[in-house]
Trainee: 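What follows is a structure written as structure tokens; I'll ask about it next.
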There are 2 protein chains.
Amino acid sequence: MLGMMSAVAASLGSKGERTRERILDVALDLFRQHGYEATTMRMIATAAGVALGNSYYYFPSKDHLVQAFYERMHAELVEACRGILDGHVALRARLRLVMRTRLDVLRPYHGVSGTLFRTAADPRSPVNPFSDASGPTRRASIDFLRDVLAGSNARLPRDVASTLPHLLWLYELGLVLFWVHDRSPQQRRSYELVDDTTDAIVRLLALAHLPGLRRIRQRMLHWVSTLVAEGAQ
Amino acid sequence: MLGMMSAVAASLGSKGERTRERILDVALDLFRQHGYEATTMRMIATAAGVALGNSYYYFPSKDHLVQAFYERMHAELVEACRGILDGHVALRARLRLVMRTRLDVLRPYHGVSGTLFRTAADPRSPVNPFSDASGPTRRASIDFLRDVLAGSNARLPRDVASTLPHLLWLYELGLVLFWVHDRSPQQRRSYELVDDTTDAIVRLLALAHLPGLRRIRQRMLHWVSTLVAEGAQ
DNA sequence: GTCTATAACCGGATAGAC
DNA sequence: GTCTATCCGGTTATAGAC
């Protein structure tokens, strides 16, 4: 009996973890169906089969459900990229694939994502991508981008190479912000934007070697580090 | 008597307009003192001497107070720049002055501005800078930046000149976003960022003439127009 | 110590009378 | 244009069950 229990616990997690997953699952479903505002905590609790107050035991606020959503989206991106990048060594191709996959993974949430990203600009919200609470996801995202870079055959100046993952993370934020506002069918425009901007990034990186731009390049890289690292505080 | 009434109406607006101004004034005061969330509509109504329901006659939602805040901040920027730019014809100097003044004007609201800008990423909020409701302020801001450019002695390719105001407006948004997160004393870092980035912008504009970058330049300008003009929808 | 349930609080928003 | 009364939903306090 005990053995069985452990096996279940190992595969599905403890009872509490399963309840947490169930709440998050129904919450994201309801968000997609009715939107963020229209989905009440009471609806979520009912659909998950728990009492209202109980859902606050697992998620201290409605915002924390959004935080969990981000984490899930990151995990899905990494999973979806597994295998896709193999055999591609050109930086442009790798970037394009990752960013297109980013949009693919987010697609089911396009309708609600506007509201889900609503708190992104609030420095005091835990959901803000620069916050401490977002730190683990942010670092995971940046590390992932570093791997994407490392797998390419691009040869970059040392200072560029070390900061580029942070810059790309900012680029990814901007891309998602564009996508959120994109009303073209299937968000086709956002995919075109990916193609054009990844191309531009690679071409501009080639300019990074120009000696006349050395000082300005270093200053801009400094600001990127400042924003990503210390904007976090 | 009637003449007096008209005179008062002309200087202070109708009774309704004065009530609206009073509500907005106390709201912004309370926001600065207690923050956005901590300031309740009940507090605002009481301080303005109107009933709770009545304040909703003037501002359909708490968000609409934020909208009015944006409009006021734009008006204050234009007012504060009056005279300051005279005699400066170098684009770098003009940009730097405008952006520094932008931060000066916002400074009293640094504490709350995070929350005030919270809805910036929500495409369906009227407060979102790309929304229809923000259209007038957005256009006014872009027109203002166009004037700032026009007063400089910079000679730019035609396509760059026509889109640069939109690009600068995006730059201004980004700058404010940085400033919101800036915890350095007096937000000194943000002012340094202004200096470094206005410098970078002017230097990069000089590169716009390079023939090898023509195609990429046109594509990027196209995206800026798309985002600012049609992101609005 | 982990989890669940009930009841209440508070504030944004609305309805409808005057 | 202004008020009163009310709704609705996020959040919290708290008491207890496993």
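This structure is a prediction, so every number in the text was calculated from the model and none was measured. The basis for the numbers below is simple: all heavy atoms, side chains too, and nothing from hydrogens, waters or symmetry mates. Protein chains get the first letters and strands the later ones, always in sequence-line order, with residue 1 at the start of each.
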Trainee: Would you please confirm or rule out a distance under 4.0 Å between OP1 or OP2 of D/dT2 and any side-chain N or O of B/Tyr56?
Mentor: no
Trainee: Would you call A/Asp86 and A/Arg94 a salt bridge, using N to O less than 4.0 angstrom?
Mentor: no
Trainee: Return the value, rounded to whole Å, for the distance between atom CD of B/Glu37 and atom P of D/dT11.
Mentor: 10 Å
Trainee: Quick one: label B/Ser55 by what it contacts on the DNA or RNA (base, sugar-phosphate, nothing), any heavy atom closer than 4.0 Å.
Mentor: nothing
Trainee: In whole angstrom, what separates A/His64's NE2 from D/dG10's P?
Mentor: 16 Å
Trainee: Taking atom P of D/dT14 as reference, at what distance in whole Å does atom OH of A/Tyr57 sit?
Mentor: 18 Å
Trainee: Looking at the side chain of B/Val50, which of D/dG9, D/dC3, C/dG12 is the nearest nucleotide?
Mentor: D/dC3
Trainee: Could you tell me the separation between the CZ atom of B/Arg42 and the C1' atom of C/dA13, rounded to a whole number of Å?
Mentor: 9 Å
Trainee: Less than 4.0 angstrom from a charged side-chain N to a carboxylate O is my criterion; do A/Asp29 and A/Arg32 meet it?
Mentor: yes
Trainee: Would you indicate, yes or no, if C/dC3 has its OP1 or OP2 atom less than 4.0 angstrom from a side-chain nitrogen or oxygen of A/Asn54?
Mentor: no
Trainee: What is the distance from CG of B/Leu52 to C1' of C/dG16, rounded to the nearest Å?
Mentor: 15 Å
Trainee: What is the distance, rounded to the nearest whole Å, between atom CD of A/Glu17 and atom C1' of C/dT2?
Mentor: 12 Å
Trainee: Consider the side chain of B/Ala51, meaning its heavy atoms from C-beta on, and name the nucleotide among C/dA5, D/dC3, D/dG1 that approaches it most closely.
Mentor: D/dC3
Trainee: Examine distances only and state if a side-chain atom of B/Thr137 and a backbone atom of B/Glu71 form a donor-acceptor pair shorter than 3.5 Å.
Mentor: no
Trainee: I need the OH-P distance between B/Tyr58 and C/dA13, as an integer number of Å.
Mentor: 18 Å
Trainee: Can you identify which nucleotide, out of C/dG12, D/dT11, D/dC3, has its nearest atom closest to the A/Ser61 side chain?
Mentor: D/dT11
Trainee: Looking at A/Arg96, is its backbone amide N or carbonyl O close enough to the side chain of A/Thr198 to form a donor-acceptor pair, meaning the two atoms are under 3.5 Å apart?
Mentor: no
Trainee: Separation of B/Met41 atom CE from C/dG11 atom P, in whole Å?
Mentor: 13 Å
Trainee: Output the single nucleotide from C/dT4, D/dT2, D/dT12 whose closest atom is nearest the side chain of B/Lys15.
Mentor: D/dT2
Trainee: Is B/Asp182 paired with B/Arg189 through a side-chain N to carboxylate O contact shorter than 4.0 Å?
Mentor: no
Trainee: Over all strands shown, is B/Gly16 touching base, sugar-phosphate only, or nothing at heavy-atom distances under 4.0 angstrom?
Mentor: sugar-phosphate
